[in-house]
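Here the structure is a predicted model, which is why all the values come from computation and not from measurement. All heavy atoms count here, side chains included; hydrogens, waters and symmetry mates do not.
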Amino acid sequence: PAPPSITSMSPDFLYEDKGKQVTITGTNLGSPTTVSIGGINGSVVSATYSSAVVDFPAGNYTNNTLTYTTAVGSGNYTYDVRTRNIIPVDASAASNDDEHQTITSAVDGLYSWYDNTVFNAGDLPGAKTIQVMSGTYSEMVVPNTSLNPVAGNGLIIEVKPGQQATVEAAGLNYGFDVNLDYTTITGFTVQNALNDNIRTQGNNCEISYNKCTKAQLAGIRAYNNTLIQHNLIYNNSSFGIYLESATNATVEQNTTYKN
């Protein structure tokens, strides 16, 4: 028997924040022991003599070399591993598309890629934007607290301009529960949370241009020095805006009623 030989991979590329299911074509591909790209192991779905299907997760890929290993030996192939600072979310995307299907998947994928590296360093320095297409997203968005946005290179979670996105938090404690510094949440309709529709606990955050309604507690709850502006906050059961242990918070040009 000969070691594996790879002639092609499809699709042609993956993003580190998303990963992808890839079909590998070649010879001697049966019974792999490991299949990896840049130190990230894939999960083998199927493998025959001439092709294999492998799921590669989001992660910090250290290079673009595929290593395909069987009991006989290994074969290598250069694959296109990409990075991006605008990470798209589309509820209508297929599972193997480049867009994430949920906001949670996007922020989790960002963490798998960047971990606790400051955003002004790493393999693609700059602000990280989670950009959300139209749709209803039934989820509680809780970014990993090890993410490390910094001044000038923060985390932005936004609705893509011209789109309309709703975070439906019915049965969930929060729509957004963010304990990070330098994070912006903008453009969403957030509704029906058991506690607060949007809660931020970090420093130098911004909550802007959102519609927050029908929370059991507050439409927006913020700690520390947060900018809260241009939001529409209505029909929340207890509070429109609740500042808790907030110092140097700025609240301006919001519309609140029936809270």
Side-chain angles (χ1 to χ4, degrees), residues 13 15-18 58 82-111 113-114 119-120 124-143 147 149-169 174-178 180-193 196-200 202 204-215 219-220 222 226-234 240-241 250-256:
F13 63 89
Y15 285 102
E16 293 194 42
D17 66 85
K18 178 67 162 55
R82 300 181 181 181
T83 57
R84 55 189 175 182
N85 277 341
I86 298 178
I87 299 173
V89 179
D90 188 346
S92 65
S95 61
N96 209 40
D97 287 349
D98 295 320
E99 297 83 8
H100 292 264
Q101 294 174 316
T102 66
I103 306 167
T104 296
S105 171
V107 295
D108 287 351
L110 173 58
Y111 172 67
W113 167 33
Y114 239 74
F119 284 7
N120 59 354
L124 189 64
K128 305 292 183 277
T129 300
I130 308 296
Q131 193 169 75
V132 182
M133 300 287 285
S134 293
T136 298
Y137 298 84
S138 298
E139 55 183 311
M140 182 170 71
V141 180
V142 187
L147 285 169
V150 293
N153 291 288
L155 173 62
I156 302 165
I157 307 175
E158 68 173 16
V159 178
K160 185 176 181 178
Q163 302 287 298
Q164 296 181 342
T166 297
V167 173
E168 175 55 66
Y174 304 94
F176 289 93
D177 187 16
V178 178
L180 295 170
D181 298 336
Y182 299 102
T183 299
T184 296
I185 301 168
T186 185
F188 292 90
T189 296
V190 191
Q191 60 190 28
N192 295 318
D196 311 314
N197 280 323
I198 299 176
R199 181 172 77 161
T200 61
N204 301 295
C205 292
E206 177 180 334
I207 304 169
S208 59
Y209 296 98
N210 301 287
K211 296 180 182 178
C212 296
T213 185
K214 299 180 182 177
I220 294 172
T226 300
L227 172 61
I228 303 171
Q229 63 176 356
H230 301 292
N231 299 283
L232 175 60
I233 307 157
Y234 62 100
I241 299 171
T250 300
V251 179
E252 61 184 15
Q253 300 185 64
N254 300 281
T255 301
T256 67

*asked:* Can you list everything that forms a salt bridge (Lys or Arg N to Asp or Glu O under 4.0 Å) with Asp98? Sequence neighbours excluded, please.
replied: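 Asp98 satisfies salt bridge (Lys or Arg N to Asp or Glu O under 4.0 Å) with Lys20 only.
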
*Please identify each residue that fulfils salt bridge (Lys or Arg N to Asp or Glu O under 4.0 Å) with Asp108, with sequence neighbours left out.*
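Applying salt bridge (Lys or Arg N to Asp or Glu O under 4.0 Å) to Asp108 gives none.
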
Looking only at the side chains, is there a donor atom on one of [X] and [Y] sitting less than 3.5 Å from an acceptor on the other?
| X | Y | answer |
| --- | --- | --- |
| Asp90 | Ser92 | yes |
| Asp181 | Asn204 | no |
| Lys128 | Asn85 | yes |

Short question: side chain of [X], backbone of [Y] - any donor-acceptor pair under 3.5 Å?
| X | Y | answer |
| --- | --- | --- |
| Asn153 | Ala127 | yes |
| Asn210 | Thr189 | no |
| Asn197 | Thr213 | yes |
| Asp97 | Ser95 | no |

Would you check if [X] and [Y] make a side-chain contact, meaning some heavy-atom pair closer than 4.5 Å?
| X | Y | value |
| --- | --- | --- |
| Ile156 | Ile130 | no |
| Gln191 | Thr166 | yes |
| Thr256 | Tyr234 | no |
| Ile220 | Asp196 | no |

Residues which pass side chain to side chain donor-acceptor pair (under 3.5 Å) with [X], listed by chain and number, not counting sequence neighbours:
| X | value |
| --- | --- |
| Glu158 | Gln131 |
| Gln101 | none |
| Thr250 | none |
| Ser208 | Thr186, Glu206 |

Looking at [atom1] of [X] and [atom2] of [Y], how far apart are the two atoms once the value is rounded to the nearest 0.5 Å?
| X | Y | atom1 | atom2 | value |
| --- | --- | --- | --- | --- |
| Asn254 | Glu252 | CG | CD | 8.0 Å |
| Trp113 | Leu147 | CH2 | CG | 11.0 Å |
| Lys160 | Ile86 | NZ | CD1 | 9.0 Å |
| Ile207 | Ile228 | CD1 | CD1 | 5.0 Å |
| Met140 | Thr104 | CE | OG1 | 8.5 Å |
| Leu227 | Cys205 | CG | SG | 10.0 Å |

*Worked check of side chain to side chain contact (heavy atoms under 4.5 Å, CB included) between His100 and Lys18*: CA-CA 7 Å; His100 292 264; Lys18 178 67 162 55; 3.5 Å; yes

Mind checking what makes side chain to side chain contact (heavy atoms under 4.5 Å, CB included) contact with [X], not counting sequence neighbours?
| X | answer |
| --- | --- |
| Gln164 | Ser134 |
| Arg82 | Phe13, Tyr15, Asp80 |
| Val159 | Gln163, Ala165, Phe188 |
| Thr255 | Leu232, Tyr257 |

_With sequence neighbours excluded, residues passing ring pair (Phe, Tyr, Trp, His ring centres under 6.0 Å) with Tyr182_ =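 For Tyr182, no residue satisfies ring pair (Phe, Tyr, Trp, His ring centres under 6.0 Å) once neighbours in sequence are set aside.
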
*Give the intermediate values and the outcome of side chain to side chain contact (heavy atoms under 4.5 Å, CB included) for residues Glu139 and Ile103.*
CA-CA 8 Å; Glu139 55 183 311; Ile103 306 167; 3.6 Å; yes

*Steps toward side chain to side chain contact (heavy atoms under 4.5 Å, CB included) verdict (Ile198, Tyr174)*: CA-CA 6 Å; Ile198 299 176; Tyr174 304 94; over 6 Å; no

Shortest non-hydrogen contact from [X] toward [Y]:
| X | Y | answer |
| --- | --- | --- |
| Glu168 | Thr136 | CB-CG2, 3.9 Å |
| Asp17 | Leu110 | CB-N, 4.3 Å |
| Gly109 | Ala58 | CA-CB, 4.0 Å |
| Gly175 | Ala193 | N-CB, 4.1 Å |
| Gly202 | Thr226 | O-OG1, 4.1 Å |

*asked:* Go through it in stages, so that I can follow the logic: the residues are Thr184 and Leu155, the test is side chain to side chain contact (heavy atoms under 4.5 Å, CB included), and I'd like the CA-CA distance, side-chain angles, deciding distance and then a yes or no.
replied: CA-CA 6 Å; Thr184 296; Leu155 173 62; over 6 Å; no

*With under 30° as parallel and over 60° as perpendicular, where do the rings of His230 and Tyr209 fit, or are they tilted in between?*
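Rings of His230 and Tyr209: parallel, under 30°.
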
